[in-house]
Amino acid sequence: MPLRICFVASEVTPLAKTGGLADVAGALVKSLHALGHDVRLFMPLYRQVNRRALRLWPVEFLRDVTLRLGNHTLRYSVQTCQLPGSGAMIYLIDAPALFERDALYGNAPDEHLRFLLLTHAALQCCQRMGFAPQVFHCNDWHTGLGPLLLRTMYRWDKLFEHTRSLLSIHNIAYQGPFDARVLPETGLAELTSLLDAGELARGRVNPLREGIRHADHISTVSPTYAREIQTPQYGYGLDGDLRARGDAITGILNGVDYAEWDPRHDRFLPKRYNASRLSVKAELKREFMQRNGLGGAASRERIPLLGMVSRLAAQKGFDLLIDALPLLLQEHEFHCAMLGSGEARYERFFTQLARRYPARVAFRQGYSEEQAHWIEAASDLFLMPSLYEPCGLNQMYSLRYGTIPIVRRTGGLADSVQHFDPVSREGTGVVFNDYDAGGVRWGVGTAIQWYRNKALWRQLMKNAMAQDFSWEHQVEEYVALYERLVEGAGESDR
Ligand code: ADP
Ligand code: GLC
C-alpha cells in the first residue's frame, strides 16, 4: 500500500546543503517516491537555492499565507518543483525576511523562529492541500517541535487524526535551544505545561529534547549511534530522555546515492573506473597530485595519498589530528589532500601544515562538490577519526571508490567499515578504537604498511568496492518502520 508522508528538512541535496542531512533527505525522498509512496518534501526557500535551474513555480493557493505565532504574524508563500532526478514534489517555504541570509544557518536571535515557521508551514500546507499524511517525518532540532505541534495545535483537524510523528536524529549535539523568555513570541506559551520543566527552569526551550519527548517514534542514522546516544558519553544531555523512550528508538544506517557517488559514472571525473580498471584510478591520482603540487613524478605511484573531506568541526576528530598529523608526516611517507571549511582554529592548522609541507600536504579551504569527488577518486586512503559520527557518508563513498577508509569505531563508522584481517583477507578498511593521537597514528600506520603489499592492497580494494549501501536497501527499513508506526505498533508509554 502506498504511504502518505510529509517530510520536513532544513536542507536537501541538490537544493541547499551543508552536510549529510541534505544528502539523506534528498536520496531518501527520491527512493520513497520511486517505490510509489506519496511523499511531499518541505524545506525553506533559502537565497542559496538556484531558482532558475530548478524552474520553480508558485502554488497559487499557498500565496501570502498568514501564520500567527503569539504576538508575531508571519507571512509566507510556497514555490514548488520536482526534486531533480525524481518526480517527488518539493515545497519551498518562501519567507524572504527569514530565509534569505548569507548562510543556511546562523546565530541570529530569530533562528528558532525560522525553523518553527518551516514546521508550521509544512502542517498548514498539508491542510490547504487536503493532504492527510500518515507519517509526519521531522529531522533534527530544526523541526524537533513538529511532533508537539501535531499533538496539540493541529490535533483538532481530522486530517491529522491518523498521522504519526517520526523524529530522525542526524546529530544530537545540535539541539537549537532558545531563551524561554521569547515563548510568547513563538505561540508556544500555551503549551508551557507540556515543555520540559528542567529546561524551563534553566530558562530555555530545547527543540530537540521536545522532539524526543513527543514524537511517536525516534530514529537515528545508524544502529550503533542509536545505542550510543542513550549513554552520557554520547547523549549530549539527552541520554536520559532517550533511555525513557528506549523501546521507541530505531537505528537505520544511511544509504548512498550511487547515481551521484560511483566512479563508474561520476560526472565530475574526466575518466571513469571500476574494480577491474584500477589503472584509471592511478591516472586520476597522478593528475590530481600534479595539479595540486603534491609529490614528484616518481613518488606519485609509490606513496599513498590520504584524503579528507569534512566540515571542520570538533566532532570530526580534528583535535586528534593537530597532535597526530605532524608526527605521522615525520614517521611515514605519504601525501595528504584535505578539503573543508569550518572552525578557524582547524583552518589555521591545515593552512600552516600545508605551508610547512607544500609538496606533501594540499589544503583547499571551502566547499566544492567537484573537489570532494576528485579527492574520493584520487586518494588511496580516506581518514575519518571522528569523536562521534551518527552515520557518516564519506566512508561509504570511499569504499565504492576503492579508497580505503581509516575510521574510529563509533556510530555509523563502526556499522559500515569492517576492519581488514590480512590473514583471512576479509574486511574493508582500518578501524581503530581509541580516541587519541595514538589511535590515529596506529590506524594510518597500519594502512600504509598494508599499502606496501600490492596483492594484499588489491584484495582490500576489491572488498571495499564490492560493498553496497544503496538506498534501494535502506529505504525498505524506513518503509517497514513507517508501516509499523501506521499500524500503531512501536508506540511507547508516553
Ligand atoms: P556531516 O553531515 O556530519 O557533515 P556526513 O559524512 O554525513 O557528515 O556528510 C558530509 C557530506 O558533506 C558529504 O557528502 C561530504 O562530501 C560533504 N562535504 C563536507 N564538507 C565538504 C566540503 N568542504 N566540500 C564539499 N563537500 C563537503
Ligand atoms: C549528520 C551527522 C552525520 C550523518 C548525517 C546524515 O550531519 O553528523 O554523521 O551522516 O547527519 O544523517
Side-chain angles (χ1 to χ4, degrees), residues 9-14 16-29 104-105 137-142 167-175 208 219-226 228-229 234 236 251-262 266 268 307-318 337-343 346-347 350 362-377 379 382-401 403 405 407-408 410-417 469 471 474 477-478:
S10 57
E11 53 181 86
V12 179
T13 297
K17 165 171 166 179
T18 68
L21 167 61
D23 288 351
V24 172
L28 175 55
V29 165
L104 266 46
Y105 310 122
H137 190 161
C138 300
N139 290 276
D140 274 351
W141 76 262
H142 314 91
L167 172 72
S168 287
I169 300 175
H170 297 261
N171 194 329
I172 204 160
Y174 300 92
Q175 303 176 1
L208 191 63
S219 74
T220 186
V221 289
S222 69
T224 296
Y225 195 59
E228 286 175 341
I229 53 178
Y234 289 99
Y236 282 78
I252 302 178
L253 196 71
N254 286 332
V256 171
D257 186 353
Y258 289 120
E260 282 296 312
W261 293 97
D262 191 324
D266 189 315
F268 292 103
M308 275 181 280
V309 177
S310 183
R311 287 186 294 118
L312 295 179
Q315 168 195 347
K316 303 294 178 179
F318 290 111
M338 164 76 200
L339 166 67
S341 62
E343 289 180 38
Y346 302 131
E347 289 181 351
F350 281 107
F363 172 46
R364 167 93 173 246
Q365 184 182 332
Y367 184 92
S368 161
E369 288 285 331
E370 189 186 1
Q371 284 302 308
H373 284 253
W374 263 98
I375 290 181
E376 285 292 2
S379 304
F382 196 93
L383 181 58
M384 292 180 75
S386 302
L387 170 62
Y388 70 92
E389 196 62 75
C391 180
L393 296 171
N394 280 103
Q395 80 281 11
M396 295 196 276
Y397 302 158
S398 299
L399 289 167
R400 182 51 63 100
Y401 284 76
T403 303
V407 303
R408 189 168 92 84
T410 184
L413 299 175
D415 293 340
S416 56
V417 182
F469 294 100
W471 270 110
Q474 300 313 104
E477 295 200 38
Y478 277 97

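We use all heavy atoms of the structure for the numbers below, so side chains are in, but hydrogens, waters and symmetry mates are not. Throughout, residue positions are numbered sequentially from 1 according to the sequence presented. We count ligands from 1, going down the list as the structure has it; atoms in each ligand are counted the same way. None of these values were measured; they are calculated from a predicted model.
- The ligand atoms of ligand 1 that sit less than 4.0 angstrom from a heavy atom of Y397 are 14 (O).
- Note: Y397 and W261 meet the aromatic proximity criterion, with ring centroids under 6.0 Å apart.
- The nearest heavy-atom contact from the protein to atom 6 (O) of ligand 1 is L393 N, 2.8 Å.
- In P390, neither the side chain nor the backbone holds a heavy atom less than 4.0 Å from any atom of ligand 1.
- If you check the side chains of E347 and S341, you find no donor sitting under 3.5 Å from an acceptor.
- Side-chain atoms of T403 and S379 form no donor-acceptor pair, as typed in the model, at a separation below 3.5 Å.
- Ligand 1 lies within reach of K17, whose nearest heavy atom is under 4.0 Å from it.
- Heavy-atom proximity to N171, at under 4.0 Å, picks out these atoms of ligand 2: 8 (O).
- A centroid separation of less than 6.0 Å is found between the aromatic rings of Y388 and Y236.
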(request) Go through the steps for F318 and Y346 under the test ring-ring contact (aromatic ring centres under 6.0 Å, His included), then give the verdict. (result) CA-CA 7 Å; F318 290 111; Y346 302 131; 5.5 Å; yes
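- Near P390, with a cut-off below 4.0 Å to any heavy atom, the atoms of ligand 2 are 2 (C), 8 (O), 9 (O).
- Within the 4.5 Å cutoff, no side-chain heavy atoms of M338 are placed close to those of Q365.
- With 3.5 Å as the limit, one finds a donor-acceptor pair spanning the side chains of E11 and T18.
- Using modelled atom types and a 3.5 Å distance limit, the side chains of E376 and N394 yield a donor-acceptor pair.
- Residue N254 holds the heavy atom nearest to atom 6 (C) of ligand 2 of all those in L413, N254, V221.
- In terms of protein heavy-atom proximity, atom 4 (O) of ligand 1 is closest to R311 NE, 2.7 Å.
- With H170, Q315, K316, R364 as candidates, the residue nearest to atom 1 (P) of ligand 1 on a non-hydrogen basis is K316.
- Atom OG of residue S368 and atom NE2 of residue H373 lie 9.0 Å apart, to the nearest 0.5 angstrom.
- Residue-ligand proximity, G20 to ligand 2, at heavy-atom distances under 4.0 Å covers atoms 5 (C), 6 (C).
- The closest approach between G340 and ligand 1 falls below 4.0 Å for a heavy atom of the residue.
- Nearest to atom 3 (C) of ligand 2 among the protein's heavy atoms is E389 OE2, 3.4 Å.
- Interface of S310 with ligand 1, defined as ligand atoms under 4.0 Å from a residue heavy atom, comprises 20 (N).
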(message) Let's go through Y478 and H137 carefully: what are the C-alpha distance in whole Å and the side-chain angles of both, what is the deciding distance for side chain to side chain contact (heavy atoms under 4.5 Å, CB included) to 0.1 Å, and is it a yes or a no?
(response) CA-CA 11 Å; Y478 277 97; H137 190 161; 3.9 Å; yes
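- Only the side chain of D23 comes within 4.0 Å of ligand 1, judged by heavy-atom distances.
- Side-chain N/O atoms of Y105 and S10 include a donor and acceptor closer than 3.5 Å.
- Here is the list of ligand 2 atoms found below 4.0 Å of a heavy atom in V24: 6 (C), 12 (O).
- Nearest to atom 8 (O) of ligand 2 among the protein's heavy atoms is Q315 NE2, 3.0 Å.
- At a 4.0 Å cut-off, at least one heavy atom of G392 sits close enough to ligand 2 to count as contact.
- Scanning the protein heavy atoms around atom 2 (C) of ligand 2, the nearest turns out to be H170 O, 3.1 Å.
- For atom 23 (N) of ligand 1, the nearest non-hydrogen atom from the set G366, A372, A22 belongs to G366.
- Side-chain N or O atoms of T220 include none that pairs as donor or acceptor with a backbone N or O of A226 at under 3.5 Å.
- In this structure, the protein non-hydrogen atom closest to atom 26 (N) of ligand 1 is Y367 CE1, 3.4 Å.
- Closest protein heavy atom to atom 2 (O) of ligand 1: G20 N, 2.6 Å.
- Given atom 15 (C) of ligand 1, the protein heavy atom at minimum distance is N394 OD1, 3.0 Å.
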(request) Any chance you could lay out the side-chain hydrogen bond (donor to acceptor under 3.5 Å, both in side chains) test for Y401 and D262, step after step, and finish with the verdict? (result) CA-CA 7 Å; Y401 284 76; D262 191 324; over 6 Å; no
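- A salt bridge does not link R408 with E389: every distance from a Lys NZ or Arg NE/NH1/NH2 to an Asp or Glu carboxylate oxygen is 4.0 Å or more.
- Taking atom 24 (N) of ligand 1 as the reference point, the nearest protein heavy-atom neighbour is S368 N, 3.0 Å.
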